[in-house]
Amino acid sequence: MREIVILGSTGSIGVQALEIVAANPDKFRVVGLSAGSKNLELLVEQAKKYGVSVIGTTADGTKARDLAGEIQVIDGPKAATEIATIPCDIVLNAVTGSIGLGPTLAALGVGNKVALANKESLVAGGDLVMAYGRDQIIPVDSEHSALYQCFLSGKSSEVKQVVLTASGGPFRDRTDLSDVTLDQALAHPTWSMGQVVTINSATLMNKGLEIIEAHYLFDLAYSKIQAVIHPQSVVHSMVEFIDGSTIAQASPPNMKGPIAYALSGANRISKATAAIDWSKPNTWEFLPIDNNRFPAIDLARRCGELGGGLPAIFNAANEVAVDAFIAGKISFTQIVEIVEGSVQKLGGGSPIAIRDLSDVSALEKDARAMAVELIGDRK
Ligand code: NDP
Ligand code: MG
């Protein structure tokens, strides 16, 4: 029986993780849950259903305590960080945004392993996270779960490069992106996910973040991390070895596969997700990415290569720009422009070294303020 903690339990990944627990009651027991402030009823309902004795919410705890009865409620901005330190076999971090970095570091700091969906932890604080060692983290992001699995078939010294796949999002074939609406950007062709990661998939920012994520997770030079469009989202990523052989991991697009693999500590759970149906025709296409239409990837790569605090600035500016797009304050193409502008204004000079979480927070504060200023100028 594995004891697990879920941060972000009310979100897309969190809910799917709980469904895996429900389908495998002999394998998992949930010992802590946390969420933001938007879905308190659901959070309490989850705790009751799964017999969880402690929950965390960023909201004021009064209402949650009324609903929760005997269940202990930790409230306030540090709630997820506290829940992350509950002793357990693995903490699933499925919070959205770099606000997830603190909880990731807190979990690792007490010796908990982390199943990491929150890619922003690695983008904003990759060196801080990886200082705890590679064995403490199992990726949940489908591409990185795929790479993790593909790496098992060779030695790291035999790796030539890795290839991340990208669906290409809803605008893969659209030439003019200037008049994209929010609804169009939220209509992802192959994956159903939370709002922010869906918008990031439409700009391909998500792939940029994932290149940085792969750099830290697998200690790979950026020159060894490629990305390719794969519209079917069945091959989740590939590792090419020095002998010319490429190993791919494939399954129909469904996050339950990578979530179950990570929760179980890189073991395979029976029927975690549906397998490919080989009785039907299957077509897998792979196409190069058009970097002119999708400048986010090159920008991410440049920030990653410069390193230091730049990836944190890049991510924080993107979080602000995505919120502004969702709120109707900027157009779709302005998202990347705002991020690029913020990076340019703040990233000059030598890279800023990151020593601890407060360094990241300070950089992010500046990046958010800069992005807000640039958004104001565009209106
Ligand atoms: P959602 O937006 O669906 O869910 C986010 C969760 O985080 C919610 O439970 C939310 O609570 C909680 N939360 C928000 N703010 C805070 C906070 N300050 N402290 C604690 N919890 C908070 O996101 P997804 O599930 O889509 O994504 C989660 C992470 O996984 C992201 O980093 C994403 O990039 C990554 N990912 C997601 C994939 C997917 O298929 N969804 C695929 C690959 C990666 P509340 O309900 O109260 O707002
Ligand atoms: Mg992904």
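Just so you know, ligand 1 is whichever comes first in the structure, and atom 1 is the first atom listed for that ligand.
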For atom 36 (N) of ligand 1, which protein heavy atom lies nearest, and how many Å away is it?
Ala117 O, 4.0 Å
Protein contact of atom 40 (O) of ligand 1 - nearest heavy atom, named by residue and atom, plus distance:
Met193 CG, 3.1 Å
Give the atom numbers and elements of ligand 1 that come within less than 4.0 Å of a heavy atom of Asn118.
32 (O)
Using distance alone, decide if ligand 1 has a nitrogen or oxygen within less than 3.5 Å of any nitrogen or oxygen in Asn39.
yes
Does Ser142, backbone or side chain, put an N or O under 3.5 Å from an N or O of ligand 1?
no
Which pair of heavy atoms, one from Asp173 and one from Arg293, lies closest together, and at what distance?
C-NH1, 4.0 Å
I'd like to check whether Lys38 has a polar contact with ligand 1, where a contact means an N/O of the residue lying under 3.5 Å from an N/O of the ligand.
yes
Distance only, no hydrogens: is a donor on one side chain within 3.5 Å (strictly under) of an acceptor on the other, for Thr57 and Asp75?
no
Would you find a donor on one side and an acceptor on the other, under 3.5 Å apart, between the side chain of Arg301 and the backbone of Ile211?
no
Which of the atoms of ligand 1 are close to Ile99, meaning less than 4.0 Å from one of its heavy atoms?
18 (N)
Run down the list Ile259, Asn93, Val197 and name the one with the heavy atom closest to atom 33 (C) of ligand 1.
Val197
Taking atom 43 (C) of ligand 1 as the reference point, the nearest protein heavy atom with its distance
Asp141 OD1, 3.1 Å
What I want to know is whether Gly97 and ligand 1 share at least one N or O pair that is separated by under 3.5 angstrom.
no
Look at Glu41 together with Lys63 and state whether they make a salt bridge at an N to O cut-off of under 4.0 Å.
yes
re atom 3 (O) of ligand 1, the protein heavy-atom contact at minimum distance is Ser12 N, 2.9 Å
Measure from atom 4 (O) of ligand 1 to every heavy atom in Ala80, Pro258, Gly11, Gly100 and give the option owning the shortest one.
Gly11
Check the surroundings of atom CD1 in Ile99: do more than 12 heavy atoms from other residues, nucleotides or ligands lie under 6.0 Å from it?
no
Nearest-neighbour protein heavy atom for atom 5 (C) of ligand 1, which is reported as residue plus atom name and distance
Thr96 OG1, 3.6 Å
Heavy-atom proximity to atom 15 (N) of ligand 1, picking from Gly76, Gly36, Ser9, Ala94, points to Gly36
NZ/Lys345: more than 12 non-hydrogen atoms of other groups inside 6.0 Å
no
Thr58 heavy atoms, cut-off 4.0 Å: which ligand 1 atoms fall inside?
17 (C), 18 (N), 19 (N)
Heavy-atom distances under 4.0 Å are what count here, so tell me which part of Pro103 touches ligand 1: side chain, backbone, both or neither.
neither
Is Arg302 salt-bridged to Glu340, going by a charged N under 4.0 Å from an acidic O?
yes
Charged N to carboxylate O under 4.0 angstrom, Arg368 versus Glu319?
yes
To the nearest 0.5 Å, tell me how far Leu209 CG sits from Asn318 CG.
6.0 Å
The atom name of the N, O or S atom in Asp141 nearest to the Mg ion (ligand 2) is OD1
With a 4.0 Å cut-off, would you call Asp179 and Arg174 a salt bridge?
yes
Electrostatic pair Lys48-Glu45, nearest N-O below 4.0 angstrom:
no
Assess the pair Phe294 and Phe171: is the distance between their ring centroids shorter than 6.0 Å?
no
Can you tell which of Ile13, Val95, Thr10 gets a heavy atom nearest to atom 31 (C) of ligand 1?
Val95
Looking from the Mg ion (ligand 2), what is the angle between OE1 on Glu143 and OE2 on Glu210, to the nearest 10°?
100°
To which of Lys119, Glu213, Lys256 does the heavy atom nearest atom 34 (O) of ligand 1 belong?
Lys119
Has Gly14 got any heavy atom lying under 4.0 angstrom from an atom of ligand 1?
no
Does Met255 approach ligand 1 within less than 4.0 angstrom via side chain, backbone, both or neither, non-hydrogen atoms only?
side chain
When you check the side-chain N and O atoms of Thr62 and Asp60, is any donor under 3.5 Å from an acceptor?
yes
Taking atom 32 (O) of ligand 1 as the reference point, the nearest protein heavy atom with its distance
Glu120 OE1, 2.7 Å
What atoms of ligand 1 come within less than 4.0 Å of a heavy atom belonging to Gly194?
3 (O), 26 (O), 41 (N)
Is there a path of hydrophobic side-chain contacts, each under 4.5 Å between heavy atoms, that joins Val140 and Val95?
no
